[in-house]
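What follows is a set of notes on a single structure, which appears directly below.
A quick note: this is a predicted structure, and the numbers were derived from the prediction, not measured.
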Amino acid sequence: MKHLLNPLDFTVTELDTLLKLANDIESNPQKYAHACEGKKLATCFYEPSTRTRLSFEAAMLNLGGSVLGFSSADSSSAAKGESVSDTIRVISSYADICAIRHPKEGAALVASSHSSIPVINAGDGGHQHPTQTLTDLLTIYSLKGHFDHLKVGLCGDLKFGRTVHSLIDALIRYPGVEFILISPEELRVPGYIREDVLDAHQIPYQEVERLEDALAHLDLLYMTRVQRERFFNEEDYIRMKDFYILDKAKMELAPKDMLVLHPLPRVNEISVEVDEDPRAVYFKQAQYGVYVRMALILTLLNIHVA
């Protein structure tokens with residue numbers, strides 16, 4: 001039995017197989033419409049989510065399966081003090097596979113160690129968000145055709161942004177990848193990412209504060225929002241939240257084939273006027289999230305469609 005707790009749980013070869021399966025699902029949805037008949041997905045979401053939870057549910061329904069679960073800790077026995085380990089033991093007798101999101105880092109790992117069904121980490125605190133990373137990778141793979149020799153700009157909340165940390169972990173496995181890390185000093189990439197990941201693997205990177213200084217050099221720009229829920233101090237959040245706003249004028253500085261990705265939800269870090277730019281692919285990215293989660297469910301349940 002295999003779980004997905006962080007992006008590195010799949011080898012490069014396994015990831016390539018998964019992404020090709022997701023592409024086939026996109027091209028031939030009817031071929032997979034009954035693949036999970038009789039199977040149940042439990043969505044255990046201890047913190048709010050729109051895209052991740054609904055895309056998991058859409059993925060399972062598209063495969064002909066069914067869904068059960070809860071969308072907040074308040075609507076589960078966690079409100080009575082039940083532990084994650086006890087909850088997953090019970091869920092294991094109700095469902096065939098589980099997607100869990102939790103505000104505490106390591107919660108998905110705890111769940112997997114007490115589960116008799118595959119567990120998918122749908123986000124644990126500021127730690128990992130592997131299915132968003134798979135979504136990001138499928139978007140890049142489908143629209144760029146390769147991962148190697150890309151210059152990737154990561155902009156915004158690089159300190160608390162789990163999507164950023166997971167994407168760095170995933171992309172460093174490909175040759176020639178470089179990063180430009182764009183953030184205010186207070187939201188820079190944590191030291192352990194800089195030292196244990198980038199420096200340890202000799203990955204070229206620059207840290208800059210101005211988005212305008214990076215745009216002309218990028219193949220991909222990955223924008224993130226400043227997350228109110230990760231701040232202890234409201235004043236710090238207010239001071240940081242409008243630090244970067246990508247607008248039409250800034251897009252004119254970027255290459256014609258640069259892609260703009262965003263894990264969503266967007267607040268105001270990307271102006272709505274950018275939505276019409278063909279380089280803005282964040283809504284398409286959300287659609288890719290359904291295909292990759294369909295592929296992931298099939299892979300973890302070991303279901304093969306001829």
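L5 and A108 get closest at one heavy-atom pair: CD2-O, 3.7 Å. Taking each heavy atom of D169 and L8 in turn, the nearest pair found is O-CD2, 3.5 Å. For the pair I245 and S271, the tightest heavy-atom approach, listed with the atom from each and the gap, is CG2-N, 4.5 Å. Of all heavy-atom pairs spanning R293 and S55, the tightest one is NH1-OG, 2.9 Å. Between V84 and A107, the shortest heavy-atom distance links the atoms CG1-O, 3.9 Å. Contact between L218 and L221 at its shortest, heavy atoms only, is CD1-CD1, 4.0 Å.
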Using the rule given for side chain to side chain contact (heavy atoms under 4.5 Å, CB included), can you reason through I297 versus C36, listing the C-alpha separation, both sets of side-chain angles and the distance that settles it, and then say yes or no? CA-CA 9 Å; I297 290 167; C36 282; 4.0 Å; yes
Just do the side-chain hydrogen bond (donor to acceptor under 3.5 Å, both in side chains) check on S83 and S85 with the steps written out, would you? CA-CA 5 Å; S83 67; S85 57; 3.1 Å; yes
Assess whether salt bridge (Lys or Arg N to Asp or Glu O under 4.0 Å) is satisfied between R188 and E207, documenting all intermediate values. CA-CA 8 Å; R188 289 171 65 191; E207 293 183 287; 2.7 Å; yes
Go through T17 and L21 one step at a time and tell me if the side chain to side chain contact (heavy atoms under 4.5 Å, CB included) criterion holds. CA-CA 6 Å; T17 301; L21 175 58; 5.7 Å; no
From CA spacing to verdict: side-chain hydrogen bond (donor to acceptor under 3.5 Å, both in side chains), N23, Y141: CA-CA 9 Å; N23 280 157; Y141 182 77; 4.9 Å; no
With side-chain hydrogen bond (donor to acceptor under 3.5 Å, both in side chains) as the test, would you mind laying out the steps for Y32 and D24 before giving the verdict? CA-CA 9 Å; Y32 298 89; D24 193 53; 2.4 Å; yes
Between D275 and Y282, is the side-chain hydrogen bond (donor to acceptor under 3.5 Å, both in side chains) condition met? List the steps. CA-CA 9 Å; D275 295 353; Y282 28 87; 2.6 Å; yes
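Note that CG of L296 is 4.0 Å distant from CD1 of I120, once rounded to the nearest 0.5 Å. Rounding to the nearest 0.5 angstrom, the gap separating the CD1 atom in I25 from the CG atom in N62 is 9.5 Å. In this structure, NE2 on H129 lies 8.5 Å from CG on N121, to the nearest 0.5 angstrom. Taking NE2 of H217 as the start and CG of L253 as the end, the distance is 10.0 Å to the nearest 0.5 Å. Separation of atoms OH (Y288) and CD1 (I140) is listed at 11.5 Å; rounding is to 0.5 Å. To the nearest 0.5 Å, atoms NE2 (H3) and CD1 (I117) are separated by 9.0 Å.
Side chain of R266 to main chain of M223: no donor-acceptor pair is present (N/O by atom type, distance under 3.5 Å, no hydrogens or angles). Without hydrogens or angle criteria, T224 side chain to C155 main chain gives a donor-acceptor distance under 3.5 Å. A donor-acceptor pair is defined here as one N or O able to donate and one able to accept, closer than 3.5 Å; no such pair exists between the side chain of D16 and the backbone of V12. Put simply, the side chain of K2 never gets that close to the backbone of F10: no donor and acceptor are under 3.5 Å apart. Listed for the H262 side chain is a donor-acceptor partner under 3.5 Å among the backbone atoms of L264. Remark: the backbone N or O of G106 is paired with a side-chain donor or acceptor of D124 at under 3.5 angstrom. S142 places no side-chain N or O within donor-acceptor distance of the main-chain N or O of T139, the cut-off being under 3.5 Å. A side-chain donor-acceptor contact under 3.5 Å links H165 to the backbone of L158. Distance alone, capped at 3.5 Å, is enough to place a donor-acceptor pair between the E14 side chain and the T11 backbone. Judged by distance alone, with hydrogens and angles left aside, the side-chain atoms of D157 form a donor-acceptor pair with the main-chain N or O of F160 at under 3.5 Å.
Inter-residue side-chain proximity for E186 and K159 is flagged as unmet; no heavy-atom pair is nearer than 4.5 Å. Annotation: side chain of Q206 is not in contact with side chain of L181 (no heavy-atom distance under 4.5 Å). In this structure the side chain of T131 reaches within 4.5 angstrom of the side chain of L4, judged on heavy atoms. With contacts defined as side-chain heavy-atom distances shorter than 4.5 Å, the pair F56/V290 does not qualify. No side-chain heavy atom of I182 sits under 4.5 Å from any side-chain heavy atom of L154. At least one side-chain heavy atom of L167 sits less than 4.5 Å from a side-chain heavy atom of L137. Side-chain atoms of K144 and L220, non-hydrogen and from C-beta on, do get closer than 4.5 Å to each other.
Both tests do not hold together for R101 against F45: distance to the six-membered ring centre under 6.0 Å, angle to the ring axis within 45°.
A donor atom on one side chain and an acceptor atom on the other are not found under 3.5 Å apart for D136 and T163.
With S66 as the partner, the side chain to side chain contact (heavy atoms under 4.5 Å, CB included) test is satisfied by one option alone out of E37, K39, K40: K40.
A salt bridge links E57 to R53: at least one charged side-chain nitrogen sits closer than 4.0 Å to a carboxylate oxygen. Under a 4.0 Å N-O distance rule, the pair K248/E273 does not qualify as a salt bridge.
Classification of the Y174-F147 ring pair by plane angle, with boundaries at 30° and 60°, yields tilted. In this pair, H102 and Y46 present their aromatic rings tilted. The plane angle is within the 30 to 60° band.
Using a 4.5 Å cut-off between side-chain heavy atoms of Ile, Leu, Val, Met, Phe, Trp and Tyr, with links allowed through other members, V272 and M251 fall into different hydrophobic clusters.
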